Amino acid sequence: MNLERFLLQLEQRHPGEPEFQQSVRDLLTSVEDRIRDDFRLEHAGIIERLAEPDRIFIFKVPWTNDQGKVIVNRAYRVQYNNALGPYKGGLRFHPQLTLGTVKMLAFEQVFKNSLTALSLGGAMGGADFDPYGKSDGELMRFCQSFMLELWNVLGPDIDIPGGDIGVGGREIGYLFGMLKKLSRRHNGTFTGKGPDWGGIGLRQEAPGYGIIYFVKSLLDQRGDSLKGKTIAVSGFGNVAHGVIAKATALGAKVVTISGPDGCIHDPEGIAGDKLDYLVEMRASNEDKVRSYSMEFPGTAYFEGEKPWKIPCDIAIPCAIQNELDHGDAKLLIANGCQLVVEGANRPCTSAALDVIESAPFTFIPGKAVNGGGVVVSTLELAQNAMKMVWTNEEVDQRLQTIMQRTYQLCGQYGKVEGGGVNYQRGANLAAFQRVAEAMIDQGTVG
Ligand code: 2IT
């Protein structure tokens, strides 16, 4: 097969979805020689099959606001691939969410889930609904209407949604409540549930902790550690919070966060009360970080700016896709950054990745490092199936073990001739290998 020709056709088949096209392009390009070496992959049409989601649901979500007016949103669920296990992936509520973004996230989820070495397929969904500034009643009515349409394509062995941006504990409560009402089942069809009704400890911390466990494994191997490292983080949600908490506990200093309004530089490091304040900022229903600099003297707020100009040893973008561009990548290089780690899903633009390819720092892609959320979600499912409750210590231990294994897997597949590791290639190759072999084993129907 001529990959370049196939990728051009892909652009025509998925017009107006550059994020999805780019995601597929990056993965297929990095496994190209593996495909060329193995006639079975070509013969089984694995490439063509992986470039197309299994199925997509697009649906209308009408709901009533507090003024009694009916509002209409559009929602999606992309069930991308279930060769390794049931479809699994988050739901995102974000005003700019498009089908192209959801397809990209679902595609990435397939491979991220594969890298955990657990039995999970990949999916993603959500709606162009903005949860900020909504009352509890409005959120609940939206979630109920959303689930009214989606519930009967979900199930613990079929498709298991979880949270993502804009979908946290409160939203999951309303979504799960409606799902339970309609299906008459209280089971593991949703993850991120409350700790008293089937949820698991550490679910909120898990994505951030997992990222730092991966980074720790890498630094350990180099005879280095997080002690004394300066870290720049973007975002101020769950992922950023977990990263900051764990990195700080291991001796690093995290000096930045960001929101849609701008970024904060705190040279003393974000720890203790300041870390607790992030939760308060989120609960304020504003989606802004400016108030941090007013609350804590000696910190700076840069309106409309991103944190990547602040010198750091390690940069961890934890906000949203395409938040780190080529200019930012160049700034990180100029400032002597040693490690760039994608905390969010595809935060680096394609132009940034071009710069990063020849950068002197090590780059760890999101699909390698940010699977901690979905790992703990799987522990939640196991817990639900066993009718058991695990302690936070047990969950933390298992998360560490799985992240170490993922690190080793990426290192093993990403070995570069003459020494060193290309983690981008390692992650793509290791993840692709599992999915492709499972698809071949299961015949032509998936
Ligand atoms: O980005 C992610 O891995 C998720 N949002 C996963 C959510 C989940 O637990 O299914």
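Order of listing sets the numbers, starting from 1, for every ligand and every atom in it. In this chain, numbering begins with 1 at the start of the sequence shown. Bear in mind the structure is a predicted one, so any value in this text is a computation, not a measurement.
The structure places CZ of F59 at 9.0 Å from OG of S145, a figure rounded to the nearest 0.5 Å. From M386, atom CE reaches atom CD of Q383 across 7.5 Å, with rounding to the nearest 0.5 Å.
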Between side-chain atoms of residues 50-58 and protein atoms elsewhere (two or more places apart, or another chain), which donor-acceptor pairs fall under 3.5 Å?
from: E52; atom 1: OE1; to: R13; atom 2: NE; distance (Å): 3.4
from: E52; atom 1: OE1; to: R13; atom 2: NH2; distance (Å): 3.0
from: D54; atom 1: OD2; to: Y87; atom 2: OH; distance (Å): 2.7
from: R55; atom 1: NH1; to: Q79; atom 2: OE1; distance (Å): 3.0
from: R55; atom 1: NH1; to: Y87; atom 2: OH; distance (Å): 3.1

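Under 4.0 Å from ligand 1, not a single heavy atom of R92 appears. At a heavy-atom cutoff of 4.0 Å, ligand 1 is contacted by the side chain of N345 but not by its backbone.
Counting atoms of ligand 1 from 1 in the listed order, those under 4.0 Å from a heavy atom of T191 are 9 (O). Of all atoms in ligand 1, numbered sequentially from 1 with element shown, those under 4.0 Å from a heavy atom of Q109 are 1 (O), 2 (C), 3 (O), 6 (C). If you number the atoms of ligand 1 from 1 as listed, the ones under 4.0 Å from a heavy atom of K112 come out as 1 (O), 2 (C), 3 (O). For ligand 1, the atoms closer than 4.0 angstrom to any heavy atom of G89 are 10 (O).
From the protein, the heavy atom lying nearest to atom 8 (C) of ligand 1 is K88 NZ, 3.4 Å. Protein heavy atom closest to atom 9 (O) of ligand 1, with residue, atom name and distance, is S377 OG, 2.5 Å. Atom 7 (C) of ligand 1 has as its closest protein heavy atom G163 O, 3.3 Å. From the protein, the heavy atom lying nearest to atom 5 (N) of ligand 1 is D164 OD1, 2.8 Å.
Contact check for H241 versus R282: side-chain heavy atoms found under the 4.5 Å cut-off.
Partner of K88 under the side-chain hydrogen bond (donor to acceptor under 3.5 Å, both in side chains) criterion, out of D159, N113, T191: T191 alone.
For the residue pair L139 and E171, the shortest heavy atom distance occurs at CD1-OE2, 3.5 Å.
In terms of polar-atom proximity, defined here as any N/O pair under 3.5 Å, N370 makes no such contact with ligand 1.
Scored by the side chain to side chain donor-acceptor pair (under 3.5 Å) test, R141 finds D66 as partners (sequence neighbours excluded).
With salt bridges taken as basic N to acidic carboxylate O contacts below 4.0 Å, none links E19 and R346.
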